[in-house]
**Q** 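My questions all concern the structure below.
Owing to the predicted nature of the structure, the values given are computational and were not obtained by experimental measurement. Index from 1, following the sequence.
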Amino acid sequence: QVQLVESGGGSVQAGGSLRLSCAASGRSINWDAMGWFRQVPGKEREFVAAIAWNGGTTSYADSAKGRFIISKDNAKNTVYLQMNSLKPEDTAIYYCAADAFGRGSMMSSEYDYWGRGTQVTVSP
């Protein structure tokens, strides 16, 4: 079992930046692919970014490309999401997820463990 705890959310004006962290405990996530998803109330959870177990491959939703950067620090058992040039449409609860099979998919169903989320609010 692995527990994931997100932090770093908050309120920011459009054009600003936030860095989300996802700290894992319970076991090492060295061999897990990790993903970030987001959800707005009343809408489905959507993929934001994913990173391979060794950090060698990353993937992004079109909405995140060029603005967000996912990274993984296996020594700290932590995953990050650097979000730049934030837009009001980025407002959502952001969730971190672990894929124990190392797939790094864009599909939320392929992730085994989830954090409780952190709120990001971007004002115009």
**Q** Determine whether Val2 and Val79 fall in the same hydrophobic cluster, where Ile, Leu, Val, Met, Phe, Trp and Tyr are linked whenever their side-chain heavy atoms lie under 4.5 Å apart.
**A**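 Both belong to a single hydrophobic cluster.
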
**Q** Between CH2 of Trp36 and OG1 of Thr118, what distance do you get to the nearest 0.5 Å?
**A**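 Result: 7.5 Å between the selected atoms.
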
**Q** Apart from Phe101 itself, what residues make up its hydrophobic cluster, given side-chain heavy atom links below 4.5 Å?
**A**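 None; Phe101 is a cluster of one.
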
**Q** Does anything in residues 67-76 pair up under salt bridge (Lys or Arg N to Asp or Glu O under 4.0 Å), and if so which pairs, sequence neighbours excluded?
**A**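 As it turns out, the salt bridge (Lys or Arg N to Asp or Glu O under 4.0 Å) pairs with a partner in residues 67-76, which skip direct neighbours, are Arg67-Asp90.
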
**Q** So Ile69 and Leu81, side chain to side chain contact (heavy atoms under 4.5 Å, CB included) or not? Walk me through it.
**A** CA-CA 6 Å; Ile69 301 172; Leu81 184 68; over 6 Å; no

**Q** When rounded to the nearest 0.5 angstrom, what distance separates CG in Leu86 from OG in Ser123?
**A**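 It is 10.5 Å, given to the nearest 0.5 Å.
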
**Q** When you look at CD of Glu44, are more than 12 heavy atoms from neighbouring residues, nucleotides or ligands closer to it than 6.0 Å?
**A**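 Counting neighbours around CD of Glu44, 12 or fewer heavy atoms of other residues, nucleotides or ligands fall under 6.0 Å, so no.
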
**Q** Disulfide bond (SG atoms under 2.5 Å apart): which pairs involve residues 46-83, sequence neighbours left out?
**A**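 Passing the test, one end in residues 46-83: no pairs.
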
**Q** Quick check: closest heavy atoms across Gly104 and Ala33, and the distance to 0.1 Å?
**A**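 Distance-wise, the nearest heavy atoms are N-CB, 3.3 Å.
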
**Q** Are Met83 and Val120 close enough, and set up right, to give a side chain to side chain contact (heavy atoms under 4.5 Å, CB included), and what steps lead you there?
**A** CA-CA 10 Å; Met83 304 189 296; Val120 171; 3.8 Å; yes

**Q** Does anything in residues 106-124 form a salt bridge (Lys or Arg N to Asp or Glu O under 4.0 Å)? List the pairs, not counting sequence neighbours.
**A**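 Those involving residues 106-124 are Arg103-Glu110.
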
**Q** Report all side-chain donor-acceptor pairs from residues 46-58 shorter than 3.5 Å, counting only partners two or more places apart or in another chain.
**A**
unit_1: Glu46; atom_1: OE2; unit_2: Arg38; atom_2: NE; d: 2.5
unit_1: Glu46; atom_1: OE2; unit_2: Arg38; atom_2: NH2; d: 3.1
unit_1: Asn54; atom_1: OD1; unit_2: Gly56; atom_2: N; d: 2.9

**Q** Tell me whether Glu6 contacts the main-chain N or O of Cys96 through its side chain, where contact means a donor paired with an acceptor under 3.5 Å.
**A**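 At least one qualifying donor-acceptor pair exists.
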
**Q** Applying salt bridge (charged side-chain N to carboxylate O under 4.0 Å, His left out), can you list everything that pairs with Lys43, at least two apart in sequence or on another chain?
**A**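 Scan of Lys43 (salt bridge (charged side-chain N to carboxylate O under 4.0 Å, His left out), adjacent residues dropped) gives none.
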
**Q** Output the distance between atom CE (Met34) and atom OG (Ser71), rounded to the nearest 0.5 Å.
**A**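 Taking CE in Met34 and OG in Ser71, the distance rounds to 11.5 Å.
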
**Q** For residues 102-124, which residue pairs qualify under ring pair (Phe, Tyr, Trp, His ring centres under 6.0 Å), counting only residues two or more places apart or in two chains?
**A**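 Passing the test, one end in residues 102-124: Phe37-Tyr111, Phe37-Trp114.
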
**Q** Can you name the side-chain hydrogen bond (donor to acceptor under 3.5 Å, both in side chains) partners of Ser7, sequence neighbours left out?
**A**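 Testing Ser7 for side-chain hydrogen bond (donor to acceptor under 3.5 Å, both in side chains), a comparison that skips the adjacent residues, returns none.
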
**Q** Side-chain polar contacts of residues 8-27 - donor-acceptor pairs under 3.5 angstrom, sequence neighbours left out - could you list them?
**A**
unit_1: Ser17; atom_1: OG; unit_2: Asn84; atom_2: OD1; d: 3.0
unit_1: Arg27; atom_1: NH1; unit_2: Asp32; atom_2: OD1; d: 2.9
unit_1: Arg27; atom_1: NH2; unit_2: Asp32; atom_2: OD2; d: 2.9

**Q** Once ring pair (Phe, Tyr, Trp, His ring centres under 6.0 Å) is applied, what residue pairs with a partner in residues 63-96 remain, sequence neighbours excluded?
**A**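 Checked against ring pair (Phe, Tyr, Trp, His ring centres under 6.0 Å) - neighbours excluded - no pair reaches residues 63-96.
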
